[in-house]
Each structure stands twice: as C-alpha cells, then as structure tokens.
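One structure is given below, encoded as structure tokens.
Whatever order the structure lists ligands and atoms in, that order sets their numbers, starting from 1.
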Amino acid sequence: MADHKKIILTGDRPTGKLHIGHYAGSLKRRVELQNSGEFDQIFIMIADAQALTDNADNPAKIRDSIMEVALDYLSIGIDPAVSTIFVQSHVSELTELSFYYMNLVTVSRLQRNPTVKSEIQMRNFETSIPVGFFTYPISQAADITAFKATTVPVGEDQAPMLEQTREIVHKFNSVYGETLVEPHILLPENEACLRLPGTDGKAKMSKSLGNCIYLSDPEEDVQKKVMSMYTDPDHIRVQDPGKLEGNTVFTYLDAFSNDGHFAEYLPEYANLDELKDHYRRGGLGDVKVKKFLNRVMQEELSPIRQKRAAYEKDIAGVYEILKKGSLAAKQTAADTLSEVKHAMKIDYFDAPDFLSEQRKRFQS
Ligand code: TRP
C-alpha cells in the first residue's frame, strides 16, 4: 500500500449508556490517543447496525442510545474537530463490503470465534442463531478495513474480532491483490482495566445485573454504588486481615488511582501498595478504603459530568456532529469500496477498459 497513515477506528454498540467498564477498557485510552497527535485520522463509530444483530426486536432502544453514546463520547473528551464520530447504519458501504467478505470466511471459522460462542450462550441463541448476529465478525472486519484502520483500541473481548479481520485482510489481499490494510489491536496497558468487574464483584458488568457505574451517573449515585461495593466477605471487623483477590474496591483502585490521589486524599499512605499492605495485615476498614475510592472516582467523573451537562443543553449541536461525521465517514468508506470492487474486477462501469475488453471479445 502506498500510504503509511496511522488511522484509528473503533466503536461501541449503542444498547444503553456507556459505563466505567467501557471507559477503563477503551474510552479513556481513545482520548489519550487522540490527544497524542500521533494519528492522521480517527474514526469513532456508533455501531447501531451491529447492535441490531441481537436486538432486532428493540429498535427503539438502539435509536435512543445513539444520542446517549454520542454524549458519552463528547463528554469524555472525544473532540469532533479531531475525531470523526459517525453512525454505522448511515454508511451503507459497510454492508456492501461485508457481503463480499462473506465469501472469504467459512461457517466453521465463525463457529470457532470465542466471542461469538460466548455471546450465543449469554443470549440463549443456541437453538436459533440469527444469521446477522452469526456473521457480525465479518461486518466488523468491514468497519475496520473500510477506513484502512491500522490501530483498533478496544477491550480484551474484541481480540477474536481483530484476529478474524486480519484473516479476512490476508485472504482478500492474496486472492485479489494488495488492497486492504492489516489492523492491530491496542489493549489497555493496565491489567485491572482489561476487565473491570461489576460493583457486585461479578466478572461481567451489565445493565441487567444493575452492577454498573455509568459515566452519566450523578455524584450521589456514584457514591452510593462505591459505598456498597463488594469487598472481601470475610473481612468483618476492622482488625481482621483482608483479602485483595477478587476485592472489587481494590481492583477499581488498581484501575483508577495514582500517587497524586494519595497525596491529596489519603496522605497517611504514599501509594496503593502501602494501602494494600495495611489491608492485608488487618486494621484497615472497608469504609475508609471506599471513601477514598469515591474521591478518586469523583475526580475522574466530575469533569465528564460537567461536559455532558453542557452538551445536553445543545442536542441539536450533537445531532449536527453525528450527521457531519457520518457523511465524512461515508466518503472514506466509498473510496475503499471502489478500490475493493476494482480489485475484485466488478467495477464494470467505472473502469474504462471494461467496454473495450468486452467489445474485443465479441468483436463488435
Ligand atoms: N463489537 C464492538 C463492541 O461490542 C463494537 C464494534 C463494532 C467495533 N464494530 C467495531 C469495535 C469495529 C471496534 C472496531 O463493543
């Protein structure tokens, strides 16, 4: 490929408001990458078409979540002047690309995709898997390759999607000639951010379990959720030694706290290691640790909350951002689709040689 641009594409399914797990796993990093100035282009996609693959009967939920997710993006600091925010279904080229990529993927390969496998289980799809859902890894490959993305910052659960995409890229390029760009996954560096548990200690954070802290939660809600977080169930009295493994409060501190927080809010400890040591030894109560975590979380979330409030007063402005972004994304995807069709030799009416070639065949 001629161009060596550094391009980011990533996105989220709009099935509700985004929560702190999304934030730790990917959103925070996106803003850092955006502000690093190292990328030539950044595309952030609201994956409504993908959300419909397992929510076909609930389009109203997806419709309302478009704006929620857009507000979440803007309030964490995604800057529409730098990053293109767009809506997947508005870029019909993605559907077209998916259709061609489907020829390059086998059913058994999709069946082996670990993320698809576990999602099928979670949704009780075992006996009747919607075809659209089953093939969404292919559509995700279209999302990524349409923008020639080199870098895809996502959570750990998306690793199989990236692998699938890279396979499609290899296959396409080897069958039709060098056209598509191979993307790389960018995972969180912080171990605790890879898979942040719910506030109840369960591995999966989900709306239906009621164990999420949302980016849009008011201060009191965050405080309530932090103060009732799951800790070590055997740590009953303050003087008891406490366990850190599976202790949600400490996992969140691993993900969000830094030495500056200690200096400011808990100066009797220099850092998280000292706090952990004390907890393990005994003599440190959960309430004290939770109060500290609450300060840390509020510091992280209050600027986001403020920004959100400002954007909520200008929904028409957010609407324009999405509309403009979607149009720009469509143009980029259309360019890639043209290249794909050319490589696949189905660009009959755009290529000047099709007519002459066929006339020669028929000698007309
Ligand atoms: N599958 C992603 C999720 O569930 C959303 C998504 C769709 C995506 N297309 C993408 C992420 C392309 C990164 C790149 O959150």
Side-chain angles (χ1 to χ4, degrees), residues 7-30 33 39 41-55 61-62 65-66 68-70 72-73 78 83-91 93-95 97-98 101 110 113-120 122-123 132-169 180-188 193-196 204-207 212 215 325-326 329 332-333 336:
I7 300 173
I8 287 179
L9 177 119
T10 183
D12 301 274
R13 293 183 194 176
T15 54
K17 300 177 286 192
L18 299 179
H19 53 61
I20 200 82
H22 295 115
Y23 183 67
S26 169
L27 298 173
K28 192 176 176 176
R29 185 75 174 282
R30 293 181 202 172
L33 294 170
F39 289 86
Q41 282 177 302
I42 301 172
F43 295 95
I44 315 252
M45 181 181 74
I46 302 179
D48 63 334
Q50 187 177 111
L52 284 165
T53 66
D54 66 333
N55 287 280
K61 175 169 90 179
I62 311 300
S65 302
I66 298 281
E68 293 285 358
V69 172
D72 285 329
Y73 285 166
I78 298 291
S83 303
T84 303
I85 305 175
F86 72 98
V87 180
Q88 186 183 27
S89 64
H90 192 81
V91 183
E93 287 76 6
L94 299 175
T95 326
L97 283 174
S98 305
Y101 294 172
L110 286 172
N113 185 311
T115 305
V116 174
K117 256 181 164 167
S118 77
E119 285 177 333
I120 284 172
M122 254 157 46
R123 288 163 180 70
F133 175 80
F134 185 61
T135 57
Y136 93 74
I138 302 176
S139 117
Q140 190 152 337
D143 302 336
I144 295 167
T145 54
F147 298 91
K148 302 219 164 103
T150 51
T151 311
V152 183
V154 279
E156 195 181 29
D157 62 315
Q158 297 296 305
M161 300 300 151
L162 264 289
E163 225 176 279
Q164 185 105 54
T165 301
R166 289 159 64 90
E167 280 177 37
I168 291 173
V169 169
L180 302 175
V181 176
E182 199 179 308
H184 295 274
I185 191 169
L186 203 63
L187 294 170
C193 289
L194 272 178
R195 190 156 275 281
L196 204 66
K204 178 106 185 105
M205 214 183 285
S206 94
K207 191 177 181 174
C212 310
L215 294 174
S326 299
T332 304
T336 304

Classify the angle between the aromatic ring planes of F86 and F147 as parallel (below 30°), tilted (30 to 60°) or perpendicular (above 60°).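 Because their plane-to-plane angle lies in the 30° to 60° range, the rings of F86 and F147 count as tilted.
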Look at atom 9 (N) of ligand 1 and say which protein heavy atom is nearest, naming residue and atom and giving the distance to 0.1 Å.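 Looking at atom 9 (N) of ligand 1, the protein heavy atom closest to it is D143 OD2, 2.8 Å.
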Write out the residue and atom name of the closest protein heavy atom to atom 4 (O) of ligand 1, then the distance separating them to 0.1 Å. R13 NE, 3.3 Å
Which is closest to atom 2 (C) of ligand 1 by heavy-atom distance: Q88, Q158, H22? Q158
Judged by heavy atoms only, the candidate from D54, I8, L9 nearest atom 14 (C) of ligand 1 is L9
Answer yes if the side chains of [X] and [Y] hold a donor-acceptor pair under 3.5 Å, and no otherwise.
| X | Y | result |
| --- | --- | --- |
| T145 | Y101 | yes |
| Q50 | Q140 | yes |
| T115 | D157 | no |

Under a 4.0 angstrom heavy-atom cut-off, which atoms of ligand 1 come close to [X]?
| X | result |
| --- | --- |
| M45 | 7 (C), 9 (N), 10 (C) |
| Q50 | 1 (N), 2 (C), 4 (O), 5 (C), 6 (C), 7 (C), 9 (N) |
| V154 | 11 (C), 13 (C) |

Locate the shortest heavy-atom distance separating E156 from L187; write the atom from each residue and the value.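 Distance-wise, the nearest heavy atoms are CA-CD2, 3.6 Å.
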Is the cationic atom of R13 (NZ for Lys, CZ for Arg) positioned less than 6.0 Å from the six-membered ring centroid of Y136 and within 45 degrees of its normal? yes
